[in-house]
Asker: 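Below is one structure. I have some questions about it.
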Number of protein chains: 2
Amino acid sequence: MAGRTARAEQVGATRELILTAAERLFAERGVYTVSNRQVSEAAGQGNNTAVGYHFGTKTDLIRAIIRKHAARIEEIRARLLAATGDSTDVRDWVDCLVRPVPEHLGALGSPTWYARFCAQVMTDPALRRVMAEESLSSPSLRQIVDGLRRCLPDLPAEVRVERGDMARHLIVHVCAERERALAEHTPTPRSNWDDTATGLVDAVVGMWLAPVTPTP
Amino acid sequence: MAGRTARAEQVGATRELILTAAERLFAERGVYTVSNRQVSEAAGQGNNTAVGYHFGTKTDLIRAIIRKHAARIEEIRARLLAATGDSTDVRDWVDCLVRPVPEHLGALGSPTWYARFCAQVMTDPALRRVMAEESLSSPSLRQIVDGLRRCLPDLPAEVRVERGDMARHLIVHVCAERERALAEHTPTPRSNWDDTATGLVDAVVGMWLAPVTPTP
DNA sequence: GAAGAATTAAGGCAGCTGATTGACTTAGCT
DNA sequence: AGCTAAGTCAATCAGCTGCCTTAATTCTTC
């Protein structure tokens, strides 16, 4: 099993090239306007069908991109979760919920494409299922939901899921917006990903603590 | 000019059929997976190229769909704006910002497709420009931004634009989410569009009033 | 070291796309 | 009534798509 280096490494490198090229093209031009051929070419593969060979369909490729980042993000979330313990401060749990994504983007170094990619996948009527499946497989997310529920026992269950959805959308789209601004050299409200996360946490905490107007 | 009825009415009806069919297909299957041909057929036009004839490119068709709804939404916003006057209550201005969209969707009657359509257009790297152009042409939106600024004079300018962006994304995606749930007969957090708007306003007001953590 | 498998390359195929074109139908004007 | 122009239809075009097939290359394993 010592001989797995040479070949397997080459294959892994090719896969990585394809994943990176795909993520970039998808983010910049849109998931549906970019063909598997173009991805293969952009990855430097003379092979027309490199994507098909290594990943299968475009949906499989997208799933692979998500998984690649999910691992890192999950690590960060687990770390923050450990630090939070059994806090009863809403902000601690919102930190766990919000910070992993911008922190991951910051760690990637400029420029990044993943947030714009995610925003598209989350919004597309066909692809949103893929993203949902991959997200649901994270046990740490469930822990955060539980933690928030314990902090806010009086909040009606429907409002909790409503505001959870809002937070999800907010995280992804604010990061995507900043990513786009960076790519286009447009001014951004915050000067780095860490401050972006802070602004996001401020807003999400405010949202979550907001009083609920009763509806008849 | 009295004789404009017969022919012009037919044409207007055909255009309307195409717009409705396109909006529905785009929302359900995705803007890029639906071809102009399929739109023409779904609109009952034996003509392959009805979309091209009446609207031009797909982008032009999308712009026409946006304009069609924008007029109604603008009316509602103007009405709410008049009622708000020169209030100094944040919630009044957030009402003006948030309620037009869900109220418009409610007035359309179930099922609707526009919110899902908008979510896609807003997120796509190429189409987002179209949506931005159409939105910027609304003077009443600028009034609301001004009103909010007067209510929150101590909020840093960057945080104001940041939270304005957040509100924009929240409105569209929460409405899209509810629309999707209605279409799939999945339970929704709120039982009608009016309550959805209330939940959205609660959250956006909380977000806007949230304290700002200083960043070095 | 040679047989064999995995990977990459290259070309070809049917199907669909947007866009153009010309023929046909119908409304509105004189 | 007859002409013009707008609207509708159907066929066609080149270009691109995903997918399949067939070499060529490279590494593994016996």
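Each chain gets a letter, A, B and so on, in the order the sequences are listed, and its residues count up from 1. Computed from heavy atoms alone, side chains included, the values below leave out hydrogens, waters and symmetry copies. Computed from a prediction, not measured in an experiment: that's the story for all the values here.
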Asker: Quickly work out the A/Phe55 CZ to C/dT7 C1' distance and round it to whole Å.
Answerer: 14 Å
Asker: Compare the minimum distances between each of C/dA9, D/dT8, C/dA6 and the side chain of B/His54, then state the nucleotide with the smallest one.
Answerer: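 For B/His54, the side-chain atoms sit closest to D/dT8.
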Asker: Rounded to whole Å, please give me the gap between OH in B/Tyr32 and P in D/dT17.
Answerer: 14 Å
Asker: Could you give the CG-to-C1' distance, from A/Asn47 to D/dC19, as a whole number of Å?
Answerer: 12 Å
Asker: Inspect the contact between B/Glu28 and B/Arg116 and indicate whether a charged nitrogen and a carboxylate oxygen are less than 4.0 angstrom apart.
Answerer: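 Salt bridge absent between B/Arg116 and B/Glu28.
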Asker: May I have the distance from B/Tyr53 (atom OH) to D/dC9 (atom C1'), rounded to whole angstrom?
Answerer: 12 Å
Asker: Please check if any side-chain donor atom of B/Arg37 sits under 3.5 Å from a side-chain acceptor atom of B/Thr49, or the reverse.
Answerer: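 Checked: B/Arg37/B/Thr49 side chains show no N/O donor-acceptor pair below 3.5 Å.
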Asker: With rounding to the nearest 0.5 angstrom, report the CD to OG1 distance, A/Glu179 to A/Thr196.
Answerer: 11.0 Å
Asker: Taking NZ, NE, NH1 and NH2 as the nitrogens, is one of them in B/Glu103 or B/Arg79 under 4.0 Å from a carboxylate oxygen of the other?
Answerer: yes
Asker: Do nucleotides 12-19 of chain C as a string where each nucleotide becomes B, S or -: B if the base has a protein heavy atom under 4.0 Å, S if just the sugar-phosphate does, - if no protein is that close.
Answerer: B----SBB
Asker: Just the rounded figure in Å: distance from C1' of D/dT26 to CD of A/Gln45.
Answerer: 14 Å
Asker: Distance check needed: C/dA10 C1' versus A/Glu41 CD, whole Å only.
Answerer: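 Taking CD of A/Glu41 and C1' of C/dA10, I get 12 Å after rounding.
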Asker: Salt bridge check: are A/Glu74 and A/Arg77 linked by an N-O gap of less than 4.0 Å?
Answerer: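 Salt bridge present between A/Glu74 and A/Arg77.
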Asker: Can you classify the ring geometry of B/Phe117 versus B/Phe26 as parallel (below 30°), tilted (30 to 60°) or perpendicular (above 60°)?
Answerer: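 It falls in the parallel class, under 30°.
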